[in-house]
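Working notes, structure below.
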4 protein chains.
Amino acid sequence: MARGRKVNSNGERSKQLLREKAIELFASNGYYQTKISDIVKAANVTQPTFYLYFDSKDSLFIDLNEQFQLNLFRLFEEHPGQNVAHFHQVIINLLQYFSENPLLTKIGLYQSEESYLVKERLVEKFEHILERQKQYFSKLEQMDIHIISQSLVGSIERLTFTLLLTNKKTVDQLTEELLSIYFVKEELLTYAR
Amino acid sequence: MARGRKVNSNGERSKQLLREKAIELFASNGYYQTKISDIVKAANVTQPTFYLYFDSKDSLFIDLNEQFQLNLFRLFEEHPGQNVAHFHQVIINLLQYFSENPLLTKIGLYQSEESYLVKERLVEKFEHILERQKQYFSKLEQMDIHIISQSLVGSIERLTFTLLLTNKKTVDQLTEELLSIYFVKEELLTYAR
Amino acid sequence: MARGRKVNSNGERSKQLLREKAIELFASNGYYQTKISDIVKAANVTQPTFYLYFDSKDSLFIDLNEQFQLNLFRLFEEHPGQNVAHFHQVIINLLQYFSENPLLTKIGLYQSEESYLVKERLVEKFEHILERQKQYFSKLEQMDIHIISQSLVGSIERLTFTLLLTNKKTVDQLTEELLSIYFVKEELLTYAR
Amino acid sequence: MARGRKVNSNGERSKQLLREKAIELFASNGYYQTKISDIVKAANVTQPTFYLYFDSKDSLFIDLNEQFQLNLFRLFEEHPGQNVAHFHQVIINLLQYFSENPLLTKIGLYQSEESYLVKERLVEKFEHILERQKQYFSKLEQMDIHIISQSLVGSIERLTFTLLLTNKKTVDQLTEELLSIYFVKEELLTYAR
DNA sequence: TATGAATGAGTATTCATTCAT
DNA sequence: CATGAATGAATACTCATTCAT
């Protein structure tokens, strides 16, 4: 009945491990079907250890989501040049981010109950971008920018989960396709440079 | 409350009521956060009454999903003319169906764990349709039909939840927008008649 | 939703049918694993019908046991001649009774929680008989009649369930064996006539 | 009562306590009338604690039965000398075992639904023993060994429950009686030395 | 830092029994 | 005589969380 600190144990490592295992399990099984007992089993520690580093199951989940959102929306802040290239670049950055954080993306964009807020914010971001670029695309003028943005977010979400995170398509391939769906290609080519 | 039969009680009515309340609760709170106790409270009966009509919480949920899917895929069987109008009509029928069954749609297309299978099947349906109509659209020839279908399903899902089920847009408005996003409008108008 | 009396239905018949099905089910599955719902299903009536004829599950079970016991102990009252033949005859009657009422025997001698009382009474009966016949058997004189009676009842119970009710042996065969176990055969033969 | 670990608590002790209380309750009330809530109340712990140590009510019951059977049939393996003394010794060992484990015996030989299997195996064991000892007893030659074994097991069961476990007779007394019932005493005495 | 041990509060499900028709 | 419909009271089992060491 040995108790107390494991030899070779290390707080940060345990916390990180728990976090990783939690991400894996939340991503593949969802919030409700992931038990604390599953997480600690995967991390090879006991349940009280979990509470040493996280306040609760819920707070950990919220943490993960915040991390996902923070990094996600940072992508929209970094580009000063507000032209067509911006839009192109944003898509690439987005897909790149999803591709590099597949599990967190699954959680933050799909499993979480507040993922719908994330997507609402994404829609707003795209609205701003499209609004500014209206001038370049005859197509946009005739259409409701809000609807286009919503549709675009739907497309991105779906392509991400079915083709990007499954490694069936690359970031570049999907970006290309998205642009050709949402914009007349020739125009795009013209202005994108 | 005394035991036994209620005055004026009727089995079919009780079952229907339970079903409706279950749909409402599953749609707004999700599977795991909807308790049998919530459902029966909403229907003003006791827990054993639930089991009089349904085998389990799970089997009821599965039932609802099957009903949703059955009616959904029936929409794809009814149109003999395989031209552009078909595509147009399918989108209208789909949105119409979602619009008429908002809660079941939320369950079957979003809450359910097998909603991803439904969407996969939708993608396949669209692939078939687009494949047949390839000839009419120069745009289609250059693009991957699978990706377009995926994107389309993503768009439909998102527009449905954010604009259709919230009554912000009509079926016709969204159909129009979807067509103009996924097809060059002029071509469409030409061939659609 | 037809309700009320079935055509061709008959109270006595329903009651008898319920009783029979209950006996079958109690005998094979035991009291706790036999549900009222099982009984009525087997009898092809509804649950309230059960309560039309019996007060409760428990009271029916008690009834069955009382019937079993009544007929059982009647077997001990009918024989005026108090000699060795009496003993022989009692065994035969007992086994005969068990053999003719296999299901009720299973219930009353095995499933019931008060079966131990039945067996206690059987032991007493045998004690009386053996007490009176002590004189004829040298073997008996040296032994504790109570223990012999207990042992005899144990033997009878076991042989009944494993060999009589399974039709592997006849009443006569088992009687013969029991007598030869519990009495020296030659003596028996001598006095039994 | 506060949550978490009790002062001075010890897992093995709790488990053992639950086991003991379960044995007591199963033995006196039977499987179906023993509720988990009864067991934990008797052990002064809460329900989740029960599941900390046992998988389910059923699995605990099965465990107890297996323990009973394991120790029981071990009694038959230990005697190399295959003569009359063996038989004598087996009876003594058996009764000794029952006498030392009265509650477990009640469960394993009476309450359990698979107790009939245990008794079947006991019958087989006795058949083997008697088969080998046939030569010594003229009585055995004329009789069906299977029936004798069945009868013997019935006798043992009954004497155990009514006289041994109630402390009315000792192991030795009952062994003596059983031998004198099932064998002609003089012969026995002759060969047993 | 970490564990062994325990629990409060649910949570789905079952069953005998009863009332209204 | 019989049924359709309903319920009170359990009952086994689960899970996030916490205390003592």
Side-chain angles (χ1 to χ4, degrees), chain A residues 1-15 32 35-40 45-53 55-58, chain B residues 1-15 32 35-38 40 45-58, chain C residues 1-15 32 35-40 45-53 55-58, chain D residues 1-15 32 35-38 40 45-58:
Chain A
M1 257 163 289
R3 226 168 295 160
R5 186 174 176 166
K6 268 187 194 162
V7 279
N8 259 333
S9 71
N10 170 303
E12 253 341 288
R13 178 140 44 91
S14 292
K15 180 170 184 177
Y32 292 103
K35 321 291 176 205
I36 300 281
S37 61
D38 298 331
I39 298 173
V40 299
V45 298
T46 58
Q47 305 223 34
T49 300
F50 178 91
Y51 290 91
L52 214 55
Y53 301 112
D55 284 344
S56 68
K57 179 184 173 183
D58 202 52
Chain B
M1 213 181 297
R3 261 205 261 190
R5 183 173 192 159
K6 278 181 184 167
V7 282
N8 243 326
S9 69
N10 171 302
E12 213 38 63
R13 200 197 311 148
S14 294
K15 180 171 184 178
Y32 294 102
K35 317 296 177 195
I36 303 273
S37 62
D38 298 332
V40 299
V45 297
T46 59
Q47 301 230 30
T49 300
F50 178 91
Y51 290 93
L52 207 56
Y53 301 111
F54 307 103
D55 284 343
S56 68
K57 179 184 167 181
D58 202 53
Chain C
M1 254 162 291
R3 226 167 293 158
R5 186 174 178 167
K6 272 188 194 160
V7 280
N8 259 332
S9 72
N10 170 302
E12 251 343 287
R13 177 139 44 92
S14 292
K15 180 170 185 178
Y32 292 103
K35 320 293 176 203
I36 302 281
S37 61
D38 298 332
I39 298 173
V40 300
V45 298
T46 59
Q47 304 223 34
T49 299
F50 178 92
Y51 290 92
L52 215 55
Y53 300 111
D55 283 344
S56 67
K57 179 184 172 183
D58 201 53
Chain D
M1 213 180 297
R3 262 205 260 189
R5 184 172 191 158
K6 279 180 182 166
V7 281
N8 243 324
S9 68
N10 172 302
E12 215 36 66
R13 200 198 311 148
S14 294
K15 180 171 183 176
Y32 293 102
K35 317 297 177 194
I36 304 273
S37 61
D38 299 331
V40 298
V45 295
T46 58
Q47 300 229 30
T49 299
F50 177 92
Y51 290 94
L52 208 57
Y53 301 111
F54 307 103
D55 284 344
S56 67
K57 179 183 169 182
D58 202 52

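The shown structure was predicted, so the numbers you read here are calculated from the model rather than taken from an experiment. Chain identifiers are assigned alphabetically (A, B, ...) following the order of the sequence lines, protein sequences preceding nucleic acid strands; residue numbering begins at 1 within each chain.
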Are any of the side-chain heavy atoms of D:Lys6 and D:Val45 separated by less than 4.5 Å?
yes
Distance in Å, C:Thr46 OG1 paired with C:Leu52 CG, rounded so as to fall on 0.5 Å steps
9.0 Å
[N] phosphate, OP1 or OP2, under 4.0 Å from [X] side-chain N/O:
X	N	answer
D:Ser14	E:dA6	yes
D:Ser9	E:dA5	no
C:Thr49	F:dA2	no

In whole Å, I'd like the distance from the [atom1] atom of [X] to the [atom2] atom of [N].
X	N	atom1	atom2	result
D:Arg5	F:dC19	CZ	C1'	9 Å
C:Leu52	E:dA16	CG	C1'	16 Å
B:Lys6	F:dT3	NZ	P	23 Å
A:Arg13	E:dA2	CZ	C1'	14 Å
B:Glu12	F:dA5	CD	P	8 Å

What stems, by residue range, does DNA chain E take part in, given at least 3 consecutive Watson-Crick or G-U pairs under 3.5 Å?
E:2-21 with F:2-21
Restricting to ring pair (Phe, Tyr, Trp, His ring centres under 6.0 Å), what partner residues turn up for D:Tyr32, sequence neighbours left out?
C:Tyr32
Considering all heavy atoms of both residues, which atom of A:Ser14 and which atom of A:Tyr53 are nearest to each other, and what is their separation?
CB-CE1, 3.8 Å
Looking at every non-hydrogen atom in both residues, tell me the closest pair between A:Gln47 and A:Ile36 and how far apart they are.
OE1-CG2, 3.5 Å
Listed pairs, N/O of protein and of nucleotides 9-13 of chain E, under 3.5 Å:
unit_1, atom_1, unit_2, atom_2, d
E:dA12, OP1, B:Lys57, NZ, 3.4
E:dA12, OP2, B:Ile36, N, 3.4
E:dT13, OP2, B:Tyr51, OH, 2.7
E:dT13, OP2, B:Lys57, N, 3.1
E:dT13, O5', B:Tyr51, OH, 3.3

How would you label the contact of D:Tyr53 with the nucleic acid (heavy atoms, under 4.0 Å): base, sugar-phosphate, or nothing?
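Since only primed, P, OP1 and OP2 atoms lie under 4.0 Å of D:Tyr53, the category is sugar-phosphate.
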Using heavy atoms to find the nearest nucleotide of DNA chain E for B:Asn8 and A:Thr46 separately, return the residue whose nucleotide is more 5′.
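The residue closer to the strand's 5' end, by nearest nucleotide, is A:Thr46.
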